[in-house]
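Note that the numbering runs from 1 along the sequence shown for the chain. In each ligand, atom 1 is the first atom listed, and ligand 1 is the first ligand listed.
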Amino acid sequence: MDIHEYQAKDILSGFGVPVPRGGLGYSPEQVAYRAREIGGDTWVVKGQIHSGGRGKAGGVKVCKDEHEIFDAANDMFGKKLVTNQTGPEGKIVYRVLVEEGVDIAREIYLGLVLDRSTERVMVVASAAGGMEIEEISAEQPDSLIRQVIEPAVGLTAFQAREIAFALGLDPAQIQQMVNVLNGCYKAFTELDATMVEINPLVVTGDSRIIALDAKMSFDDNAMFRRQDIAELRDKSQEDSRETQAADRGLSYVGLEGNIGCIVNGAGLAMATMDMIKLAGGEPANFLDIGGGASPERVAKAFRLVRSDANVEAILVNIFAGINRCDWVAEGVVKALEENPVDIPVIVRLSGTKVEEGRKILSQSGLPIIRAATLEEAADRAVNAWQRDLTHAAKIVAE
Ligand code: ADP
Ligand code: MG
């Protein structure tokens, strides 16, 4: 689960990480009022979306007076920001943060991530702040400082100082950096985070260290015991297809392609996506309907996949062990009878109650294209999508 910048700053500041003075607004009036509360002569207006790269997309504006603040906020509310991380569909701004403008002398990159190879939390820092971590790794890999943290010991003072020295900080800044690192590590471990990123962490003209941006992600599986974090969830920022799926007990990840997939088991779902690619197509989603799926759940999965306007063919691939092919077939028939489709539907069933399942499909009289193997199913899905409908029709007749 991701949260907004202002929420991450709130959390981190509770762990002793300095952040700029700021306030959140849900309207331009509120943003301007917040700015007045903050005072000063320079402010930064920042659209809140679950994405970095807002600066380049027009989501971060420096302002000199209240009118500019009002106008900047007014421009942002309801606007779709397309960044290098949101994908072409972008994300809409519903909340705007206004902060004091900070005098930046230096920008540093700081990230805490789960390193899967060492199975530890790893601190990554770089003096090349302001750039995205991907750019830093590609263009200045030598600037990356890494420290792997032993969970039983935690972040040691020695490690924290080593990072601060490697960044080339002045003696007066070393202890501040150590405090920032300790705060981030504590927030990470105590709140079941999977990522903390401060980019940029800045050194100000008067030698203070401040987090100018903040990003945090959390482990979904731990949210049951982190009620206060779970409440920070903002569904308006999530892929609505994925939110709907989670609410229905389905495991779904939206993708860019046009062949919708309904599969049981995460491994088989991955293999199905691979086979679609191999056949020359692009999957529209990953979807695992889980074990023992009832006809109702299958029908829900079907509706979910169809709600994606990009889908031009649907491939159902079931290898039933715990699942039952007859239930899956019932679900598919139910969904198609309720809402007939004008796109090809390809079904491959195998395993428990397969004969019963096939019978339900053929007796339904629906134009379902059947396939015996996964390879055949993927091929037929891609062919059907390519509007080679005469070919598809021939298969139905077989
Ligand atoms: P994003 O990563 O989404 O582009 P950031 O919060 O990192 O958004 O802001 C982009 C840039 O804007 C920062 O690198 C920094 O240079 C500048 N900036 C952001 N907040 C402030 C602030 N409070 N004061 C001064 N400059 C800021
Ligand atoms: Mg940033």
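The minimum heavy-atom distance between Gln48 and Val93, with the atom names listed, is N-CG1, 4.0 Å.
Close approach of ligand 1 to Asn199 (heavy-atom distance below 4.0 Å) involves ligand atoms 7 (O). When each atom of ligand 1 is checked for a heavy atom of Gly52 under 4.0 Å away, the hits are 3 (O). Under a 4.0 Å criterion applied to the non-hydrogen atoms of Gly101, ligand 1 contributes the atoms 24 (N). Taking every non-hydrogen atom of Arg54 and a distance limit under 4.0 Å, the qualifying atoms of ligand 1 come out as 1 (P), 3 (O), 4 (O), 5 (P), 6 (O), 8 (O). Ligand 1 places these atoms under 4.0 Å from at least one heavy atom of Gly53: 1 (P), 2 (O), 3 (O), 4 (O).
Under the 4.0 Å distance rule, the nearest protein heavy atom to atom 22 (C) of ligand 1 falls inside the cut-off. Distance remark: protein heavy atom present below 4.0 angstrom from atom 15 (C) of ligand 1.
Between the CD1 atom in Ile343 and the CZ atom in Arg306 there is a gap of 6.5 Å [rounded to 0.5 Å]. Atom SG of Cys261 and atom CD1 of Ile289 lie 12.5 Å apart (nearest 0.5 Å). Atoms CG and NZ, on Leu191 and Lys186 in that order, are 10.0 Å from each other to the nearest 0.5 Å. Atom CG of Asn323 is separated from atom OG1 of Thr352 by 8.0 Å, given to the nearest 0.5 angstrom. Atom CZ of Arg54 and atom CD1 of Ile49 lie 7.0 Å apart (nearest 0.5 Å). Lys215 NZ to Ile198 CD1: the interatomic distance, rounded to the nearest 0.5 Å, is 13.0 Å.
Among the candidates Arg34, Lys9, Lys61, the single residue satisfying the salt bridge (charged side-chain N to carboxylate O under 4.0 Å, His left out) test with Glu99 is Lys9.
In summary, the side chains of Thr194 and Asp219 do not present any donor paired with an acceptor at a separation below 3.5 Å, with no hydrogens or angles considered.
Heavy atoms of Glu107 come nearer than 4.0 angstrom to ligand 1 in at least one pair.
Among all non-hydrogen protein atoms, the one lying nearest atom 20 (N) of ligand 1 is Lys46 NZ, 3.2 Å. Of the protein's heavy atoms, Val102 N, 2.9 Å lies nearest to atom 24 (N) of ligand 1.
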Quiz prompt | Residues Asn221, Asp192; criterion side-chain contact (heavy atoms from CB on, under 4.5 Å); working and verdict | solution = CA-CA 9 Å; Asn221 296 317; Asp192 293 307; over 6 Å; no
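Among the atoms of Asp213, an N, O or S atom falls under 2.8 Å from the Mg ion (ligand 2).
The distance criterion of under 3.5 Å between nitrogen or oxygen atoms is not met by Lys56 with respect to ligand 1. Looking at ligand 1, you'll find an N or O of Gly55 within less than 3.5 Å of one of its N or O atoms. An N or O contact shorter than 3.5 Å is missing between Pro200 and ligand 1 by distance.
Between Met131 and Glu139, some side-chain heavy-atom pair lies under the 4.5 Å cut-off.
Only side-chain heavy atoms of Glu99 come within less than 4.0 Å of ligand 1; its backbone N, CA, C and O stay farther off. Contact annotation for Glu100 and ligand 1: only backbone heavy atoms (N, CA, C, O) come within less than 4.0 Å of the ligand.
Among Val202, Leu212, Val62, Asp213, the residue whose heavy atom lies nearest to atom 18 (N) of ligand 1 is Leu212. Looking at Ile198, Val60, Ile104 and measuring to atom 10 (C) of ligand 1, the nearest heavy atom belongs to Val60.
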